[in-house]
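Everything on this sheet refers to the single structure shown next.
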Amino acid sequence: MHSELAKLSASEAARRLLGCRLVRQLDGQAVAVIIVETEAYDQTDAASHSYNGRTQRTEVMFGQAGYLYVYFTYGMHYCCNVVVGSEGHGAAVLIRAVQPISGTDIIARRRPRGGVELTNGPAKLCQALGIDMRMNGHDLAQPPFELVLTAPLANESVATTTRIGISKAKDVKWRYYIKGNDYVSGI
DNA sequence: TGCCTGATGTTCT
DNA sequence: GAACATCAGGCAC
């Protein structure tokens with residue numbers, strides 16, 4: 001597991017994960033992507049699934065850092081989160097967008113649209129990387145889906161805004177993205 | 001180019 | 001029974 005993530009708050013971890021790599025084994029090949037956009041969610045935050053306490057669905061969010069929390073939304077889409085913070089604290093970082101760096105052809109086969117449309121949204125990247133409820137609770141230190149922490153980005157290359165697509169706690173600036181990256185969803 | 005809407009399952013009230 | 005951390009296609013302009 002990733003002990004470094006256990007020491008960070010949701011917002012710190014969301015910023016920390018920018019620029020880090022995800023490696024997914026798909027069709028017997030490795031697909032690597034860089035995280036370019038994230039959002040932080042915490043149990044003290046009304047927009048978070050963990051806000052109303054531990055439930056069957058949010059159990060993973062209260063578990064160990066470095067695990068994958070997948071949820072299903074709007075009847076058709078999956079979104080994936082990285083659990084962060086100490087065990088027993090419900091916090092996670094939503095991966096909103098990634099940039100493919102290798103295995104792009106594998107991703108392109110799974111997504112009808114090409115270019116930045118491959119992975120510039122939370123549900124799109126889940127489709128592209130073949131993530132569904134079966135991956136919920138997966139340890140991101142293990143194949144077939146691994147998180148590789150890289151050096152933190154410089155402050156000046158990271159932008160902070162309010163989050164997207166939520167109805168509560170809209171004014172909290174817990175969305176982070178890499179400035180100037182084409183794969184970042186609507187700015 | 002940009003708004004509007006349909007699709008559709010899980011969770012919680 | 002309503003809400004929902006979404007996306008893509010269709011239609012109007």
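To find a chain, count down the sequence lines: A is the first, B the second, and so on, and within it residues start at 1. All heavy atoms count here, side chains included; hydrogens, waters and symmetry mates do not.
One can place NZ of A:Lys124 at 7 Å from C1' of C:dC7, the figure rounded to the nearest angstrom. Between the CD1 atom of A:Ile164 and the P atom of C:dC4 there is a distance of 17 Å, rounded to whole Å. Note: NZ (A:Lys170) to C1' (C:dC4) measures 13 Å, nearest angstrom. In this structure, A:Arg111 atom CZ and C:dT6 atom P are separated by 14 Å, rounded to whole Å. One atom, NE2 of A:His77, and another, P of C:dA8, lie 7 Å apart when rounded to the nearest Å. Note: CD (A:Gln127) to P (B:dT8) measures 14 Å, nearest angstrom. Between the C1' atom of C:dT6 and the CD atom of A:Glu39 lies a distance of 12 Å, rounded to the nearest Å. Between A:Tyr78 atom OH and B:dT11 atom P there is a gap of 11 Å when expressed in whole angstrom units.
The side chain of A:Tyr69 sits closest to C:dA5 out of C:dA5, B:dT13, C:dC7. In this structure, the nucleotide among C:dA5, B:dT11, C:dT6 sitting nearest to the side chain of A:Thr55 is B:dT11. The side chain of A:Pro122 approaches C:dC7 more closely than any other nucleotide in the set C:dC7, C:dA5, C:dA8. Distance from the side chain of A:Met61 is smallest for C:dA5 among the nucleotides C:dA5, C:dC7, C:dA8. Residue A:Met76 places its side chain closer to B:dT8 than to any other of B:dT13, B:dT8, C:dA5. When the nucleotides B:dT11, C:dT6, C:dC4 are ranked by their closest atom to the side chain of A:Arg57, B:dT11 comes out on top. For A:Lys168, counting side-chain heavy atoms from C-beta on, the closest listed nucleotide (C:dC4, C:dA8, C:dA5) is C:dC4.
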request  = Check the pair A:Tyr71, A:His49 against ring-ring contact (aromatic ring centres under 6.0 Å, His included), reporting the backbone distance first and the verdict last.
outcome  = CA-CA 10 Å; A:Tyr71 66 88; A:His49 289 167; 4.6 Å; yes
ask   = After noting the C-alpha distance and the side-chain angles of A:Glu117 and A:Arg111, does the key distance pass the salt bridge (Lys or Arg N to Asp or Glu O under 4.0 Å) rule?
value = CA-CA 8 Å; A:Glu117 294 284 324; A:Arg111 294 271 312 147; 5.0 Å; no
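For the pair A:Arg163 and A:Tyr41, the cation sits on the ring face: its NZ or CZ lies under 6.0 Å from the ring centre, inside 45° of the axis.
Proximity of A:Arg96 to the phosphate of C:dT6: a side-chain N or O atom is located under 4.0 Å from OP1 or OP2. At the phosphate of C:dC4, OP1 or OP2 sits under 4.0 Å from a side-chain N or O atom of A:Ser167.
Within the 4.5 Å cutoff, no side-chain heavy atoms of A:Ser50 are placed close to those of A:Asp42.
Pairing for C:dA5 is absent, judged as Watson-Crick or G-U wobble with the two contacts each under 3.5 Å.
The pair A:Glu4-A:Arg16 counts as a salt bridge, with a side-chain nitrogen and a carboxylate oxygen less than 4.0 angstrom apart.
Applying the 3.5 Å distance criterion, the base of C:dA5 shares no donor-acceptor pair with the side chain of A:Tyr74.
If you find the closest nucleotide of DNA chain C to A:Ile166 and to A:Glu117, the one lying nearer the 5' end belongs to A:Ile166.
At a threshold of 4.0 angstrom between heavy atoms, the contacts of A:Ala47 include nucleobase atoms, whether or not backbone atoms are also involved.
Distance check, rounded to the nearest 0.5 Å: CD1 of A:Ile35 to CZ of A:Arg21 gives 11.0 Å.
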